[in-house]
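Worksheet for the structure shown next.
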Amino acid sequence: MSETAFAMTGGRVAYDGKPVLRGIDLTVHTGEVVALLGANGSGKSTLVRALLGLTPLSGGSTLIYDRPPGRFRDWWRIGYVPQRLQVGGGVPATVREVVASGRIARQRRLRRTSAADRAAVAAALEAVRLSDRAGDPVQALSGGQQQRVLIARALAGEPDTYVMDEPTAGVDAETQRLLADTLAGLVLGGKTVVLVAHELGPLEPVITRGVVIGGGLIAHDGPPPRPEGECARPGHEHQHPHAAEPVAGPLTGWQGEPR
Amino acid sequence: MIFELLREQLFQLALVAALLVGLCAPAVGTFIVQRRLALLGDGIGHVALTGVALGFLTGTTPVLTAVIISVAGAVAIELVRARGRTSGDVALALLFYGGIAGGVMLMAIAPGGSNAKLNSYLFGAIASVTPADIWVIAALAVAVIGVVVIFGRELFVLCQDEEMARASGLPVRFLSLLIAVTAALTVVIAMRVVGLLLVSALMVIPVATSQQLTRGFRATMATAMVFGVLASVGGLLASTVSPKVPPGASIVLIALAGFVLALAVGKFVRRGRSDEESRVGPTMRVEEVA
């Protein structure tokens with residue numbers, strides 16, 4: 001049996017007493033490429049944050065590589081791509097500086113930047129085609145380019161598992177294709193990926209599993225159907241643990257077709 | 001004239017104090033500005049006044065009580081900030097007012113307290129720095145620079161993206177307290193030189209100045225430290241011209257003048273850059289298509 005990157009059982013999250021996640025059971029095995037789908041406000045982002053321990057659970061439990069987030073130590077195994085860079089910290093930072101900060105979980109205090117660090121940063125910059133912008137301030141880049149910086153930052157840490165919150169939101173078609181290629185490369189290397197998406201677009205071929213969140217519950221969990229839409233066919237093998245719950249929002253399938 | 005001055009012990013002490021403050025304040029300030037807490041120094045400065053007055057009241061060295069109280073204040077500010085509630089800034093404001101009012105009150109009832117002494121802490125009195133003060137300032141400066149050297153990489157990640165710091169397993173709470181406490185120590189160092197009311201100026205203005213000219217974080221910090229030293233030493237020298245010139249105010253005004261100058265130069269430099277970019281632009285686009 002393969003290792004499990006994430007294992008959440010009965011995960012509940014509430015903001016100010018308002019439930020956002022109402023009992024999520026989700027196990028992600030290594031090598032899977034999971035897309036978390038759902039309408040805006042369905043709790044997708046909350047779920048990835050809860051998986052990482054960034055948002056505390058109000059009920060249930062979650063494990064990262066078999067340890068609760070508070071006692072997890074091998075953070076270098078996780079590469080997190082948050083939804084948006086909080087650019088504009090008050091001080092400029094170059095693309096290279098931000099990408100290099102992805103190595104932090106692998107670096108020791110007082111240890112100088114190693115050749116391996118530099119090589120990983122250079123490779124990450126190359127992967128997102130930003131090598132020629134390495135010396136520019138991140139603040140000067142476009143939204144799509146900033147998203148690429150965030151992806152490069154995660155790549156630079158050479159983690160086993162990537163967690164990406166809406167990596168395709170608001171980025172141009174070229175960046176989407178670049179991300180799809182990058183993901184395909186990671187999958188070949190046996191990496192695990194959990195990504196939140198509103199629509200998959202060019203990422204579709206690399207996804208191995210689609211999980212639809214609706215109303216704070218998993219509304220659909222299964223292998224991705226082919227574009228014809230196997231979901232509609234009777235007798236398909238997808239699990240519907242909460243079939244009684246209607247999928248919230250305009251979604252008709254796991255793909256999250258555009259309205 | 002400067003060589004004559006250098007032989008005077010009073011001036012030597014003042015120069016050392018100015019140098020140390022000029023180095024430390026912008027180094028810490030870079031992290032604080034990056035974290036969008038530019039006014040943190042002001043807040044701590046207000047609280048530190050109570051510490052100073054407590055020193056007079058209890059007959060201990062004001063610098064030491066100021067360290068204790070401002071560290072406590074910085075920790076309190078950080079705890080309020082970490083809660084992340086909207087009432088946070090109101091809570092901070094309450095702390096600031098309490099710090100000033102408490103300081104004025106305690107100073108008034110302290111046996112050796114006077115308005116003149118209060119003023120020397122509010123607006124700085126670099127000429128009255130004693131050798132004992134210098135030792136305390138030097139020790140604090142070593143601590144501050146040590147923190148920046150040892151934890152700089154982690155503090156950069158924390159101040160750039162706290163979420164990312166957490167998802168990298170960094171000790172976020174410890175680092176947040178560390179930066180707050182370091183800021184408190186810096187406030188106390190700078191207190192004798194520019195005064196509590198202007199302390200934050202040396203943490204913020206050199207950083208704002210160097211940002212106009214730099215593109216990266218490290219470069220900004222290094223340049224800010226240079227500007228900090230130039231302003232603090234320059235202000236000190238300016239104050240030797242006439243006894244009427246207050247060093248604290250002249251340091252801050254020189255720093256501000258530097259900022260205005262950098263603003264103009266930065267605009268010029270950036271225009272040059274964008275010209276360059278528009279020239280290389282088309283070829284880049286061809287590469288991207290290919």
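Quick note on labels: first sequence line is chain A, next is B, and so on, each numbered from 1.
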Pair count under 4.5 Å, heavy atoms only, with chain A: among B/Val149, B/Leu37, B/Val33, highest is B/Val33
- Does the B/Gln211 side chain pair with the main chain of A/Gly90, one donor and one acceptor, at a distance under 3.5 Å? yes
**Asked** Just by distance, do the side chain of A/Glu97 and the backbone of B/Arg218 share a donor-acceptor pair under 3.5 Å?
**Response** yes
Can you measure from CZ (B/Arg215) to CG (A/Asp136) and round to the nearest 0.5 angstrom?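 B/Arg215 atom CZ to A/Asp136 atom CG measures 5.0 Å (nearest 0.5 Å).
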Testing the basics here: between A/Pro92 and B/Thr214, what is the closest heavy-atom pair and its distance to 0.1 Å?
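Minimum heavy-atom separation between A/Pro92 and B/Thr214: CG-O, 4.0 Å.
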Provide the closest heavy-atom pair for A/Arg111 versus B/Arg153 in the form atom of the first, atom of the second, distance.
->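 The answer is O-NH2, 2.6 Å.
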Where does [X] contact chain A at under 4.5 Å (heavy atoms): side chain, backbone, both or neither?
X        : answer
B/Val207 : side chain
B/Thr30  : both
B/Phe151 : side chain

- Item | Close contacts, residues 118-129 of chain A versus chain B, judged by heavy atoms under 4.5 Å |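 No residue falls under the 4.5 Å cut-off.
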Check: If contact means a heavy atom pair closer than 4.5 Å, which residues of residues 48-65 of chain A contact chain B?
Finding: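 Residues in range: A/Arg49, A/Leu54.
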Tell me which donor-acceptor pairs under 3.5 Å the side chains of residues 164-185 of chain B have, and how far apart each pair is, sequence neighbours excluded?
{"from": "B/Arg166", "atom 1": "NH2", "to": "B/Glu162", "atom 2": "OE2", "distance (Å)": "3.3"}
{"from": "B/Ser168", "atom 1": "OG", "to": "B/Met164", "atom 2": "O", "distance (Å)": "2.8"}
{"from": "B/Ser176", "atom 1": "OG", "to": "B/Arg35", "atom 2": "NH2", "distance (Å)": "3.4"}
{"from": "B/Ser176", "atom 1": "OG", "to": "B/Val172", "atom 2": "O", "distance (Å)": "2.8"}
{"from": "B/Thr182", "atom 1": "OG1", "to": "B/Leu178", "atom 2": "O", "distance (Å)": "2.6"}

So, the part of A/Arg108 with a heavy atom under 4.5 Å from chain B: the answer is backbone
Sequence neighbours excluded, the answer for ring-ring contact (aromatic ring centres under 6.0 Å, His included) partners of A/Phe72 is A/Trp75
Handout entry: Worked check of side-chain contact (heavy atoms from CB on, under 4.5 Å) between B/Asp161 and A/Arg153
Key = CA-CA 12 Å; B/Asp161 188 342; A/Arg153 184 174 70 176; 3.1 Å; yes
